[in-house]
Visitor: 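I'd like to ask some things about the structure below.
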Amino acid sequence: MSSGPPQLREHPAPRPRRNARKPARRDKTAPQESRAGKKGWLTPKRAVILATTAAVVVGGGGFTVYTAMQNASAPKPTPLSLNEMSKIFGGGDPFAPDPEGDILKAQAAQAIKADRLAAERDKRRKLSPIKIVKEAPGGGGFDPKQLPSGPANPSGNRALGKQMLDARGWGDQWGCLERLWTKESGWNERAMNRYSGAYGIPQSLPGSKMASAGGDWQTNPATQIAWGLGYIKGRYGTPCGAWAHSQATGWY
């Protein structure tokens with residue numbers, strides 16, 4: 001018995017030719033993937049990310065890491081020539097005792113002490129002897145300089161100071177230096193003593209004395225620290241010697 005007209009058998013349509021090329025494309029890229037795998041997992045970019053993350057976890061802070069990188073990549077300060085220094089200091093040694101400067105420092109220390117006693121008597125807030133200025137002082141042939149608008153980084157300056165101290169072989173003197181310059185400037189390169197006019201991290205008086213370490217003394221923490229360490233060595237021998245003098249007299 002016939003059940004109807006014969007059924008036509010449909011054949012599947014041929015696949016597009018571009019699909020047939022896929023295996024060839026995989027074969028072509030396979031050697032590249034193999035070569036890429038040989039380069040290793042730790043790429044330069046990943047190394048930077050890991051190093052930065054580790055510093056933040058340890059406690060250095062992202063801003064401190066950034067400042068350390070900036071200081072490392074910044075141009076080295078250029079010390080002035082002996083002829084240039086002689087013009088600024090009149091042939092004198094910028095690290096030698098300065099009777100006039102010492103008198104100003106002593107007077108400032110007395111004024112600070114008197115103001116603190118008065119504040120306690122009047123039950124008012126004590127005035128900090130340190131003020132952060134927006135314009136660096138001039139002097140010694142330098143004009144006053146407008147400072148950058150961004151904030152300073154005392155934490156980064158402190159880390160830089162520790163590194164420079166260690167480079168001098170004074171690693172055991174860090175506690176004295178850290179306390180000394182925390183008292184003097186809070187490790188801020190823009191700090192000025194409101195009583196004497198001393199300037200910078202080491203509180204040079206006048207600030208232009210630091211030009212013996214570099215012409216960028218008004219803004220560069222590394223230049224200020226370099227000068228301050230030389231000053232301490234020339235006058236007190238060690239940071240602990242300078243700290244002892246500061247504790248006894250209120251200045252160094």
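Heavy atoms only: backbone and side chains are in, while hydrogens, waters and symmetry mates are out. Quantities reported herein were computed from a predicted structural model and do not represent experimental measurements.
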Visitor: How would you list all residue pairs meeting disulfide (SG to SG under 2.5 Å) that involve residues 185-220, not counting sequence neighbours?
Guide: none
Visitor: Applying side chain to side chain donor-acceptor pair (under 3.5 Å), name anything that partners E189, two or more places apart in sequence or on another chain.
Guide: N157
Visitor: When you measure from the side chain of T223 to the backbone N and O of W217, does any donor-acceptor pair fall under 3.5 Å?
Guide: no
Visitor: Taking side-chain hydrogen bond (donor to acceptor under 3.5 Å, both in side chains) as the cut-off, I'd like each qualifying pair that reaches into residues 241-252, sequence neighbours left out, listed once.
Guide: W181-Y252, K183-S246, H245-T249
Visitor: Would you mind writing out the side-chain donor-acceptor pairs for residues 171-179 within the sub-3.5 Å range, not counting sequence neighbours?
Guide:
| from | atom 1 | to | atom 2 | distance (Å) |
| --- | --- | --- | --- | --- |
| Q173 | OE1 | T238 | OG1 | 3.4 |
| Q173 | OE1 | C240 | N | 2.8 |
| E178 | OE2 | R158 | NE | 3.1 |
| E178 | OE2 | T182 | OG1 | 3.1 |

Visitor: Does anything in residues 102-131 form a ring-ring contact (aromatic ring centres under 6.0 Å, His included)? List the pairs, not counting sequence neighbours.
Guide: none
Visitor: What pairs meet the salt bridge (charged side-chain N to carboxylate O under 4.0 Å, His left out) rule with one or both residues in residues 130-154, with sequence neighbours excluded?
Guide: none
Visitor: I'd like to know if the side chain of D216 reaches the main chain of T219, judged simply by a donor and an acceptor atom lying under 3.5 Å from each other, with no hydrogens or angles considered.
Guide: no
Visitor: Which residues pass the side chain to side chain donor-acceptor pair (under 3.5 Å) test with E120, not counting sequence neighbours?
Guide: K126
Visitor: Can you list, by chain and residue number, the hydrophobic cluster partners of Y195 when the side-chain cut-off is 4.5 Å?
Guide: I112, L127
Visitor: Determine which pairs satisfy salt bridge (charged side-chain N to carboxylate O under 4.0 Å, His left out) with at least one residue from residues 100-112, sequence neighbours left out, and list them in order.
Guide: D102-R235
Visitor: Show me the pairs that pass disulfide (SG to SG under 2.5 Å) and involve residues 105-151, at least two apart or across chains.
Guide: none
Visitor: Any disulfide (SG to SG under 2.5 Å) involving residues 97-144? Give me the pairs, sequence neighbours left out, ordered by first then second residue.
Guide: none
Visitor: Who pairs with K113 by salt bridge (charged side-chain N to carboxylate O under 4.0 Å, His left out), at least two apart in sequence or on another chain?
Guide: none
